[in-house]
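Scope of the values below: all heavy atoms of this structure, side chains included, with no hydrogens, waters or symmetry mates. Naming: A, B, ... by sequence-line order, numbering from 1 per chain.
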Amino acid sequence: MYVAVKGGEAAIANAHSWLAEERRGDPSVPELSTGQIREQMTLAVDRVMAEGSCYDPGLAALAIKQARGDLIEAIFLLRAYRTTLPRFGASLPIDTGMMRVRRRVSATYKDLPGGQILGPTFDYTHRLLDFALAAEGHVPLPVPETDPGEDTACPRVTAMLADEGLMAPEQPSDAEPGDLTRTPLSYPAGRPLRLQNLARADEGFLLSMAYSTQRGYGNNHPFVGELRQGEVTVEILPPELGFPIEIGDITVTECQMVNQFNGSRTEPPQFTRGYGLVLGRTERRAMSMALVDRALRAEELGEEIAAPAQDEEFVLSHSDNVEATGFLEHLKLPHYVDFQSELEVVRAMRAAAAPAALREAAE
Amino acid sequence: MTTEGYNFAYLDEGTKRMIRRALLKAVAVPGHQVPFGSREMPLPYGWGTGGIQVTASVVGPDDVLKVIDQGADDTTNAVSIRRFFARVAPGLRTTERTAEATIIQTRHRIPETPLREGQVMVYQVPQPEPLFKLEPRRAETKRLHALADYGLMQVKLYEDIARHGRVGSSYDHPVMVGGRYLMAPSPIPSFDNPKMHLSPALQLFGAGRERRLYAVPPYTEVRSLDFDDHPFVPLRASGSCALCGADHTYLDEMVTDDRGGRLFVCSDTDYCGERQEQQAAERAA
Amino acid sequence: MSGLLPGFADPVLDAQSSFRAVLEAMSRPGRVQRLPRAPSPPAPLGAAAGAVLLALVDSATPLFIDAGADAVEWVRFHAGCPIVPGAGEAEFVLCTGTAPRLASLRQGTDEEPQGSATLILQVDALEEGTGWRLTGPGIEREHGLRVRGLPEGFLAEWKANGARFPRGVDVILCDGDRIAALPRSLRIEEG
């Protein structure tokens, strides 16, 4: 006698307990604190904040701990929390021109006002495993401090090009940008929503899309006009006050890619911009975003749309890893009803085909 | 057990109102996909977030909720979603009985017990766009729906007939709603398609990841797409249930050994259980 | 704000039960639904119209309302919705007096028919089972509905509204604490 499988409830409870045990690992090893994650896994925290669309290093660290270091799972946790938060208002646009710069690199000019600041980067490290780190208690030597220069404006490379008339101007607009977390995207999405989407897109996806434009899939000839990283002040404008108040500082990374543009019937040859701005010290994604942004401007600039990275609907509707991972992983759910219907169809088609095959064999 | 700190049915009131407005428009234009500002839910996209958001916007403490996945109340994801609502909607009763339920959230099946007035079916929909395999661009499919231009789908069905000798899809077979909109019935087996036609229950569909919802009002014409000379024929395994003997229900196939042993049982566990109880009562009498 | 009348007694559960009544009304055109948990809005706004408003409108939905300053203050306070001066700009139109012509309201587009206006209309009386003969989605064979207090020529307007399908206005009729809905898919014939 067959008895149907029961006990979904018990199975789930057991799975949760087992998961908690695995998360903790060997209890003789001290437990990770969220403070340790926040301070020592900073780039993971920054990625989770950027893709989770929520600037809170403490919550991001908690999400990473809870997700056992699975960053996409951590991003999902933070997003699900974020949607439950009440909204008090929107901040004013941040001014990256007033950034307290900790790193600033231009690949287009050897020297420029504000200077090149290498900052804390992996760039010129030799990628040799550092076994000294395996021993605990290693305290790095203090860095000799240089005067950062209080709140001095650091002119943008793109602005210098624009002064010479060589940089295509952006279309200014006072229109209130949409909010893709509240309203579903429709296409064409337009640049503000596009940039919102890219700013929280999956880093791997962005990187691959950007890379494809460098290999000829899309018409990009990029230079890093400027990459800057540092702290900016966030302000809100309460209507009852009528003047802006500062609510805190956040770390952001901004990348402006300079791309050659051959010109068109109406536009002279000049440079065009690809723009990336992301939360945290997430340089790879800021650069990727800038390349993909430029590729997606193909239609606006009258370029032929031939490559995946230039296809707005394709890029924007597949960039979100919370959506993608959910749908991919749902394949683990039972599908036996649908599979059964496929079985019946395949069997019915084979049964219909069989007599014909037999007749042919007999002839 | 309820979870403190969340609004009734989890969603905030603003989100519920947004979904409620969209649902009313969906009912007024049967089969038309209405975009909505789907939220991240504490369950993953693809696991029923659309259905959950619809249920959360409709449900009240006087409701009786049934959740099924693959026709069964005890599949893990059905258990998980039922537990979610039990936690966040104090007062709400849950049931496994189709007849008792006022709201039935489902993935992949329509119950065998005929639905009645006063019931709301909520379908979890992975892909609301019936044309997506033929035209992946939603900007384009939107235009095709506006024009009621479903030639692409007709061509596809015709090719299926030429190739396979029958109208193709085994599940998620497209339907025409009210003679106007081509609609994805969600991945229910085509066996269930006829149950949508003129159903006394209100049928609501939620696709969270794709941010669309749509509806079929009660007593609305829902025709499975076919041709006059190749009528739509719903398929089921030819056999009867090993537990209740039903020969008219949709069956799951069980592999019982590695020598080709098979048996079939009802996919609708509530319907099957009720039949077994009835049979036991008759034997006892 | 001392004279301001309260909204829903329980903003969460009353909104839910009111919405369910509207959903039921829209799904079964011509069936009259009672709203047991409706608020008491300022005159001339009736209980049902008040409940429908609070259940559906908020800061995202421009509202046109002809019910006077007290009603405007009430709905603004409890729902926070923007009030627009012309019915043609509104997503929700609430009329206690003369109803605007259906064709003058937002119709939506063929691609986005959900962008059309919902007209909430206070009428003198709703009676089920007699009067108009209603057919269409939501109706097994035929429903009867008698409505008193509609503008002259409404049926001709309704026919034109139906001809624009999938575009078109949806109507919620309110009488005291009762409602009936006319979705654009509905066909109405004189009884």
Side-chain angles (χ1 to χ4, degrees), chain A residues 1-9 11-12 15 73 76-84 86-87 179-188 311-314 317 320 322-349 352-353, chain B residues 6 10 12 15 18 35-42 44-47 49 69-72 74-80 83 107-109 126 137-139 142 164-166 168-172 187-191 209 211-212 235-237 242-243 250-254 256 263 265 267 269 272:
Chain A
M1 173 71 191
Y2 170 79
V3 181
V5 187
K6 290 270 177 195
E9 195 116 15
I12 289 174
E73 181 70 21
F76 178 22
L77 285 169
L78 196 57
R79 289 259 195 103
Y81 177 77
R82 177 191 191 275
T83 54
T84 65
R87 295 178 169 228
D179 179 349
L180 62 78
T181 68
R182 315 299 282 180
T183 319
L185 277 184
S186 60
Y187 301 101
D311 182 330
E312 185 183 65
E313 182 170 342
F314 178 80
S317 54
D320 191 286
V322 178
E323 289 172 17
T325 201
F327 197 48
L328 181 122
E329 296 198 37
H330 107 284
L331 293 173
K332 291 180 284 190
L333 290 177
H335 282 78
Y336 31 80
V337 163
D338 292 349
F339 185 68
Q340 187 64 38
S341 61
E342 294 266 277
L343 270 178
E344 292 312 321
V345 166
V346 172
R347 282 174 183 153
M349 288 190 319
Chain B
Y6 290 103
Y10 182 78
D12 62 276
T15 300
M18 175 266 296
F36 79 108
S38 176
R39 305 287 191 248
E40 273 103 354
M41 298 298 285
Y45 284 124
W47 297 54
T49 54
D69 187 336
Q70 312 298 299
D74 62 349
T75 31
T76 37
N77 205 43
V79 169
S80 165
R83 269 167 35 121
R107 176 169 171 265
H108 295 190
R109 276 307 313 273
R137 283 167 198 287
R138 304 311 193 266
K142 196 164 134 182
H164 310 308
R166 62 184 302 282
S169 351
S170 46
Y171 60 91
D172 210 355
I188 56 171
S190 57
F191 174 82
R209 189 180 41 82
R211 298 180 166 75
R212 296 287 184 278
L235 279 183
R236 65 183 283 280
L243 298 176
Y250 194 77
L251 299 173
D252 285 340
E253 183 169 331
M254 305 287 160
T256 52
L263 59 79
V265 294
S267 128
T269 48
C272 188

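For A:Gln340, the parts lying under 4.5 angstrom from a heavy atom of chain B are both the backbone and the side chain. Contacts between B:Phe36 and chain A at a heavy-atom distance below 4.5 Å involve the backbone alone (N, CA, C, O). Using a 4.5 Å cut-off between heavy atoms, A:Thr325 does not touch chain B at all. If you measure heavy-atom distances from B:Arg236 to chain A, the contacts under 4.5 Å come from the backbone alone. In this structure, no portion of B:Thr49 lies under 4.5 Å from any heavy atom of chain A. Contact annotation for B:Asp69: only side-chain heavy atoms (C-beta onward) come within less than 4.5 Å of a heavy atom of chain A. For a residue to count as touching a neighbouring chain, one of its non-hydrogen atoms must lie under 4.5 Å from one of that chain's; by this rule B:Arg109 touches chain A with the side chain only. For A:Arg82, no part sits under 4.5 Å from any heavy atom of chain B, backbone or side chain. Both the backbone and the side chain of A:Tyr336 come within less than 4.5 Å of a heavy atom of chain B. Heavy atoms of B:Thr75 lying under 4.5 Å from chain A belong exclusively to its side chain.
Ring geometry, B:Phe191 versus B:Tyr250: the interplanar angle falls from 30° to 60°, so the pair is classed tilted. Taking the six-membered ring where the residue is Trp, B:Tyr10 and B:Tyr6 present tilted rings, their angle falling between 30° and 60°.
When each of A:Asp320, A:Val346, A:Val322 is checked for heavy-atom pairs under 4.5 Å with chain B, A:Val322 comes out on top. In terms of heavy-atom pairs under 4.5 angstrom with chain B, the leader among A:Leu331, A:Leu77, A:Asp311 is A:Asp311. Top candidate by heavy-atom pairs under 4.5 Å with chain A, chosen from B:Pro35, B:Ala237, B:Ser267, is B:Ala237. Per-residue counts of heavy-atom pairs under 4.5 Å with chain B were compared for A:Met349, A:Arg182, A:Lys332, A:Glu329; the largest is that of A:Arg182. Most heavy-atom pairs under 4.5 Å with chain B: of the set A:Val337, A:Leu180, A:Thr181, this distinction falls to A:Val337.
Salt-bridge check for A:Glu323 with A:Arg79: failed, with every basic side-chain N at 4.0 Å or more from each acidic carboxylate O. The pair B:Asp12-A:Arg87 does not count as a salt bridge, with every side-chain nitrogen at least 4.0 angstrom from each carboxylate oxygen. Between A:Arg347 and B:Glu253 a salt bridge is recorded (basic side-chain N to carboxylate O distance below 4.0 Å).
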**OP:** Any chance you could lay out the side chain to side chain contact (heavy atoms under 4.5 Å, CB included) test for B:Ser80 and A:Ile12, step after step, and finish with the verdict?
**Re:** CA-CA 8 Å; B:Ser80 165; A:Ile12 289 174; 4.2 Å; yes
Original post:
Passes side chain to side chain contact (heavy atoms under 4.5 Å, CB included), B:Arg107 versus A:Leu333? Steps please.
Top reply: CA-CA 10 Å; B:Arg107 176 169 171 265; A:Leu333 290 177; 3.5 Å; yes
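Judged by distance alone, with hydrogens and angles left aside, the side-chain atoms of B:Gln70 form a donor-acceptor pair with the main-chain N or O of A:Pro334 at under 3.5 Å.
The closest side-chain donor-acceptor pair between B:Arg39 and A:Thr83, if any, does not fall under 3.5 angstrom.
The structure places OG of A:Ser186 at 12.5 Å from CZ of B:Arg211, a figure rounded to the nearest 0.5 Å.
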